[in-house]
Number of protein chains: 2
Amino acid sequence: MTKAPTRIQQRNQAAILSAGLDVFSQYGFRGTTLDQIAEAAGLSKPNLLYYFPSKEAIHTALLERLLENWLDPLKALDAAGDPVQELTAYVRRKLALSKDFPRESRLFANEILQGAPWIEDILRNDLKRLVDEKAAIIQGWADAGKIAPVDPYHLIFSIWALTQHYADFDVQVRAVLGDRAPYDGAALFLDQLYRKLLGS
Amino acid sequence: MTKAPTRIQQRNQAAILSAGLDVFSQYGFRGTTLDQIAEAAGLSKPNLLYYFPSKEAIHTALLERLLENWLDPLKALDAAGDPVQELTAYVRRKLALSKDFPRESRLFANEILQGAPWIEDILRNDLKRLVDEKAAIIQGWADAGKIAPVDPYHLIFSIWALTQHYADFDVQVRAVLGDRAPYDGAALFLDQLYRKLLGS
DNA sequence: CGTTCTTTTGACCGTTTGGTCAAACCAAGA
DNA sequence: TCTTGGTTTGACCAAACGGTCAAAAGAACG
């Protein structure tokens with residue numbers, strides 16, 4: 001029987017995970033130091049290591065928490081729903097994820113850029129299976145004439161690329177747009193784009 | 001008068017830059033070590049530092065070389081050309097860049113993820129000016145009814161996102177696609193997408 | 001051959017890194 | 001109040017880090 005966590009434990013573990021997310025999502029695993037995380041969390045380094053046994057443990061905890069919800073928007077794509085509505089709703093959910101959890105998106109991007117050393121088998125198994133399944137649904141819609149014929153895999157890639165871009169390349173987007181807010185325009189643009197592509 | 005580089009200098013400098021590109025594009029600046037670069041280049045660490053004075057010098061040289069060509073495809077967008085052809089040609093050029101220089105694309109992605117500490121002012125000045133200029137051209141095309149009305153900034157972002165995705169998220173794309181080659185399908189998909197969006 | 005200039009290397013240095021540990025601190029209940 | 005268990009810390013360690021340097025090795029050319 002595991003002990004229930006005290007209030008202090010909850011607070012400090014949450015602070016460490018948030019600080020770790022800040023730093024890991026910017027600098028990747030190897031570019032991140034425990035001192036950086038400790039300072040961002042407002043703890044001393046030994047105190048940090050009292051809650052997590054190692055740097056890798058913090059990173060793993062973050063990746064696991066991320067993967068729990070990362071695939072949910074795609075899972076929700078329903079074969080029984082209206083095709084164009086299902087797909088534009090998926091785009092909206094993914095864009096909301098980028099807007100509300102940009103650090104998580106960048107953590108994922110960093111992991112992929114490094115060659116996905118921790119989640120490679122998840123990509124090859126869980127992710128591939130899920131995408132194959134949903135791609136089949138999309139292909140079915142196309143075959144039935146409910147949407148324009150498109151390559152379902154590249155359609156899914158395009159949704160990932162377009163939505164995550166606003167989180168991962170946030171600095172560049174803001175440098176170009178200046179004061180203008182990115183996400184309102186993005187939502188409109190993406191809705192327009194996919195309606196035209198799929199043929200509403 | 002500067003001395004002409006010897007053959008050995010040319011070979012070793014090229015080897016160092018290529019090795020540095022390999023490592024920096026995977027692990028970012030802070031996550032990369034001189035020993036990693038030295039080993040990948042087949043040189044000892046002191047020998048490496050005989051050709052470049054510091055780790056940062058290698059990184060800077062790579063970023064400068066990258067920026068020299070990075071904006072060229074957008075610069076080539078011609079107001080006098082046929083709008084849809086100009087834009088789809090831009091997409092093709094960017095996609096070719098991702099295919100032929102994926103490490104450079106990942107180096108850029110890493111720099112942006114880290115908050116663009118080295119190129120922030122280039123983004124805010126050179127890049128912003130260039131995008132403003134080309135966005136005005138696109139807006140002009142839309143106003144003249146030559147293409148469907150779209151937000152020109154998000155249109156450009158979408159081209160960046162979609163093309164660079166195949167280089168930056170290469171591991172994920174390949175994990176999902178298996179053996180199938182990504183770039184042929186991508187080229188077809190992107191051509192289809194932008195023709196429909198812009199209304200040919 | 002000998003000389004000169006370039007290239008390479010082993011040994012080294014100070015700092016940073018991930019991580020340990022014993023001791024001190026502190027909150028809370030008996 | 002005292003005790004007990006969770007929490008915090010300063011001091012410390014070995015390894016890895018970016019970088020230096022003098023000396024050795026090698027190329028080039030008369």
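Only heavy atoms go into these numbers, but all of them, side chains included; no hydrogens, no water, no symmetry mates. Letters A, B, ... are given to chains in the order of the sequence lines, protein chains preceding strands, and every chain is numbered from 1.
For the pair Tyr51(A) OH and dT8(D) C1', the interatomic distance rounds to 8 Å; values are reported in whole Å. When the P atom of dA11(C) is taken as reference, atom CG of Leu49(B) falls 18 Å away, rounded to whole Å. Per the geometry, CG belonging to Leu48(B) stands 14 Å off C1' belonging to dT20(D), to the nearest Å. With rounding to whole Å, His59(B) atom NE2 is found 13 Å from dG19(D) atom P. Atom C1' of nucleotide dG10(D) and atom CG of Asp35(A) are separated by 14 Å, given to the nearest angstrom. Rounded to whole angstrom, the span from the CZ atom of Arg7(A) across to the P atom of dC26(C) amounts to 19 Å. Here the P atom of nucleotide dC12(D) and the NZ atom of Lys45(A) are 15 Å apart, to the nearest Å. Remark: C1' of dA28(D) and CD1 of Ile8(B) are 10 Å apart, rounded to the nearest angstrom.
Under 4.0 angstrom from either OP1 or OP2 of dT8(C) there lies at least one side-chain N or O belonging to Asn12(B). The phosphate of dT7(C) has OP1 or OP2 within less than 4.0 Å of a side-chain N or O from Tyr50(B). Between Ser44(A) and dT8(D), a side-chain N or O to OP1/OP2 separation shorter than 4.0 Å is absent. Neither OP1 nor OP2 of dT6(C) sits under 4.0 Å from any side-chain N or O of Gln9(B).
Distances from the side chain of Lys55(A) to the nucleotides dG18(C), dG19(D), dT8(D) place dG18(C) closest. Picking from dT7(C), dG19(C), dC21(D) the nucleotide with the shortest atom distance to the side chain of Pro46(B) gives dC21(D). For Thr33(B), counting side-chain heavy atoms from C-beta on, the closest listed nucleotide (dC17(D), dG19(C), dG19(D)) is dC17(D). Here the side chain of Asn47(A) is nearest to one of dT20(D), dA28(D), dT8(D), namely dT8(D).
Comparing Pro53(B) and Arg11(A) by the nucleotide of DNA chain D whose heavy atom lies nearest to each, the residue mapping closer to the 5' end is Arg11(A).
A cation-pi geometry, defined here as NZ or CZ lying under 6.0 Å from the six-membered ring centre and within 45° of its normal, holds between Lys94(A) and Trp70(A). Annotation: cation-pi pair Arg106(B)/Phe101(B) absent, no NZ/CZ under 6.0 Å from the ring centroid and within 45° of its normal. Judged by a 6.0 Å distance limit and a 45° cone about the ring axis, Arg103(A) is not positioned over the six-membered ring of Phe24(A).
Between His154(B) and Tyr166(A), a ring centre-to-centre spacing shorter than 6.0 Å is recorded.
Among the heavy atoms of the strands, none lies under 4.0 Å from Phe52(A). Among the heavy atoms of the strands lying under 4.0 Å from Leu34(A) are primed sugar atoms or P, OP1, OP2 only; no base atom is included.
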Steps toward side chain to side chain donor-acceptor pair (under 3.5 Å) verdict (Tyr27(B), Asn110(B))
CA-CA 8 Å; Tyr27(B) 299 106; Asn110(B) 246 311; over 6 Å; no

